[in-house]
Amino acid sequence: MIQKKVCMLGAFAVGKTSLVQKFVRSVFSEKYHTTLGVKVDQKSITVAGQDLSLMIWDIHGEDEFQKVRASYLRGASGCLLVVDGTRGTTLNTAVSLGQLTEEMVGKVPRVLVINKSDLRQDWEIDKEALTKLTSQGWTVLESSAKTGEGVQEAFTVLAGQLLSR
Amino acid sequence: MSDRPRDISSEQPEASSLSDHQQALAELRNLLLAPEQHKLDHLTERLDNPALHAQELGQVLPEAIKLRSSQDSKLTESLAPIIEESFATSAQKSPQVIVDIIAPVMGPAIRQAITNALRTMVQSLNQIVEHTFTAQGLKWRLEAARTGKPFAEVVLLHTLNYRVEQVFLIHRETGLLLYHVALDAVAVQDEAMVSGMLSAIESFVRDSFGGDSDKALDYLQVGELSVWIEQGPAAILACVIRGTPPPELRNRFQDILDTLHREHHALMGSFQGDTGPFEAVRPILEGCLQAQYKKAEQKTSPALVIVPAVVVIALLVWGYLAVREQQRWETYLNSLRAQPGILVTTAEKRDGEYLVAGFRDPLATDPAAFISQAGLDPESVRNRWEPYYALSPEFLLTRATAVLRPPESVHLEFREGKLLVTGSASPEWIGTARSRAPTIPGLNEYPLEWDVAVDYGPLGPPKREVEAHRVPFVAGSMHLSGEGRAVVQAVSASLRKLEDTARAEGMNAHVEIVGHAPVNASTRTNRILKEARARAVWAALTTEDFPTVSFSATGAASSASPSAASQPVPGGLELGVSFRLLLSQSIDTTTPSR
């Protein structure tokens with residue numbers, strides 16, 4: 001079976017760990033647990049008839065006090081950049097982390113996920129910004145770890161891009 | 001269409017001219033283009049002839065496959081489904097062919113697997129037996145019950161020095177697990193995640209504390225488990241160890257990692273997430289699964305003590321029994337040899353039993369009695385005795401006693417090489433004994449002397465009384481004097497008493513009347529005088545009737561009856577007649593005989 005390392009990146013509290021938990025274990029918790037360092041999970045999926053084992057590195061969220069360690073990105077085949085739709089600044093963080101990833105491991109598949117779609121009414125990110133990112137070549141998806149909306153799709157799309165490389 | 005008739009005569013030359021031109025053109029073409037035409041024909045044939053096609057393709061195909069395989073995996077991917085399908089078809093059509101092909105490979109592999117499984121099972125059984133039925137096993141069971149730990153864990157705790165339970169080969173760049181091996185008994189969960197986390201931790205530690213790429217995490221301790229991490233250029237080797245491993249083990253791990261890099265460098269370098277090819281590293285990785293158990297105390301095996309002890313004891317017992325048996329045997333032989341009347345000629349042990357042969361006097365002690373006395377098993381001794389008569393004095397004495405059957409008043413003994421018969425006995429016994437004596441076996445070798453007085457019983461006193469009488473005669477006279485007649489009457493009185501007793505005893509008496517004369521007289525005178533005196537007394541006595549007494553008169557021999565002659569006679573007279581009384585038989589008890 002093909003294994004691929006993918007990294008969950010994004011600002012703190014955007015829902016990276018919740019997305020991983022929902023994807024891997026189909027559970028969601030309202031309780032917030034900050035991630036220290038990194039937590040590795042594994043999930044096997046089948047994309048286009050090809051079995052794939054995703055080693056998901058859930059890396060701690062980045063903020064002004066704690067930067068993502070570049071060494072965690074080493075060897076990554078792709079990344080999921082997670083944005084909190086209710087916090088506009090997290091989009092900038094995601095974009096900058098995408099650039100960091102490119103610097104570390106080159107142009108690997110990456111999917112930008114606007115999380116917390118269940119709180120769409122509170123989103124600070126408008127459609128225009130997303131359209132602009134899409135036009136720049138980003139794959140932009142919406143998801144909700146709480147409801148599960150778009151979670152499977154986000155990982156599946158990323159996996160499809162990994163296999164098509 | 002024109003139906004105008006053609007002028008044949010004018011067309012004929014034109015046709016001929018055209019043919020010439022064509023021919024000329026063909027010749028010209030042939031002259032100018034013959035080599036090219038030939039090549040063209042050859043190429044056409046190569047293109048149109050499939051056989052030539054296949055032949056030429058076959059010549060370049062191996063090289064082409066090799067070339068393309070070195071470039072990328074497209075050829076492999078293209079051929080894979082075809083080969084799989086071909087293999088499946090072949091397996092369905094001719095399974096035996098497949099069996100024949102893989103049997104040489106699978107056979108040893110299956111045997112190896114079965115052998116390993118059996119060995120593991122036997123070792124487990126040994127450990128179970130050892131840990132279940134020993135005092136130590138019971139102690140550990142108590143400890144397990146007391147601490148709540150599984151028994152296996154307690155056993156492991158006490159017996160294990162160290163054991164490498166799991167080995168992770170991790171791709172250094174991605175942190176992905178390339179291959180993982182573990183002991184059968186170890187429960188493994190999410191080895192891929194463990195690999196990722198190890199890699200993450202390693203990165204975290206390096207970033208947090210190391211900074212230098214040469215410094216990396218190489219040791220983790222989790223309770224009783226430790227994780228030793230060896231860094232390689234392309235891969236990381238992480239070994240999970242239970243117990244306390246020796247430091248040298250790290251060199252072993254490093255050697256194995258070096259070997260992996262040396263032999264599978266290309267595989268690691270081109271790793272794109274496909275771990276399938278890494279099955280090849282399994283044998284090398286399994287070299288890391290080492291274990292060392294505490295050496296059992298060098299207890300001497302009870303068997304090593306018991307068996308020699310039993311052998312020594314058995315030898316001692318056997319030796320003791322053999323010596324005792326020999327002593328008993330010799331005791332028996334000595335007893336036999338000491339016995340009179342037994343002569344041992346053969347004594348040997350044959351076929352597990354003793355054989356004794358020789359000569360035995362019937363009067364000798366029974367040899368069987370000595371077998372039990374010596375302590376031998378009577379069944380183990382076989383005797384073969386030939387009878388003979390021993391000439392030893394005691395046997396001769398016994399034999400004489402048995403033959404003669406002497407009364408208590410007779411004593412038999414050997415003295416100075418002679419068999420003496422002394423004492424007193426009845427005339428009947430004396431007669432019988434004397435006749436039997438020559439029949440005693442062996443008696444011819446020894447002189448036999450009789451000194452047995454005749455015992456007349458109640459007739460003894462009257463006999464002596466009769467024989468005590470002496471009839472005196474006047475010197476030179478052959479007539480009874482007055483004193484003589486008085487003595488004859490006394491003799492008659494004594495005979496009366498004797499006759500009564502003899503009658504009571506049922507015996508007959510004979511009175512021999514012996515006449516005497518002075519020794520200084522001439523021989524002829526004496527003889528006449530003796531006989532005359534005897535007849536005179538006989539005549540005086542026979543005047544009375546003695547029914548059971550007979551008489552005879554004779555003159556004494558010149559050298560005989562000294563005792564009678566020495567008897568005193570009354571008042572100056574000389575001895576004229578004496579008496580000798582014979583009962584039943586006339587036995588001369590004064591003459592020794594043989």
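Fair warning: this is a prediction, and the values are worked out from it, not measured in the lab. All chains are named by letter (A, B, ...) in the order of the sequence lines, taking the proteins before the strands, and each is independently numbered beginning at 1.
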Could you tell me which portion of S199(B) (side chain, backbone, both or neither) has an atom closer than 4.5 angstrom to a non-hydrogen atom of chain A? both
CD/E77(B): more than 12 non-hydrogen atoms of other groups inside 6.0 Å: yes
Pick from S195(B), G276(B), G196(B): which one has the most heavy-atom pairs with chain A under 4.5 Å? G196(B)
Report, as yes or no, whether the 6.0 Å neighbourhood of atom CD on E128(A) holds more than 12 heavy atoms from other residues, nucleotides or ligands. no
Is there a donor-acceptor pair closer than 3.5 Å between any side-chain N or O of Q3(A) and the backbone N or O of T275(B)? no
Got a second to check how far K39(A)'s NZ is from M197(B)'s CE, nearest 0.5 Å? 6.5 Å
Where G75(A) and T174(B) come nearest, the two heavy atoms and their spacing: O-CG2, 3.1 Å
Could you measure the distance from the CD1 atom of I56(A) to the CE atom of M193(B)? Nearest 0.5 Å is fine. 10.0 Å
Please find the pair of heavy atoms, one from G175(B) and one from W57(A), that lie closest to each other, and give the distance. CA-CZ2, 4.5 Å
Residues, nucleotides or ligands: over 12 heavy atoms within 6.0 Å of K43(A) NZ: yes
Atom pair CG/OG of L177(B) and S53(A) - distance to nearest 0.5 Å: 9.5 Å
Select, from Q42(A), R69(A), K4(A), M55(A), the one with the greatest count of heavy-atom pairs under 4.5 Å involving chain B. R69(A)
Is atom CG of D51(A) surrounded by more than 12 heavy atoms (other residues, nucleotides or ligands) closer than 6.0 Å? yes
Within a radius of less than 6.0 Å around CE of M106(B), do more than 12 heavy atoms belonging to other residues, nucleotides or ligands occur? no
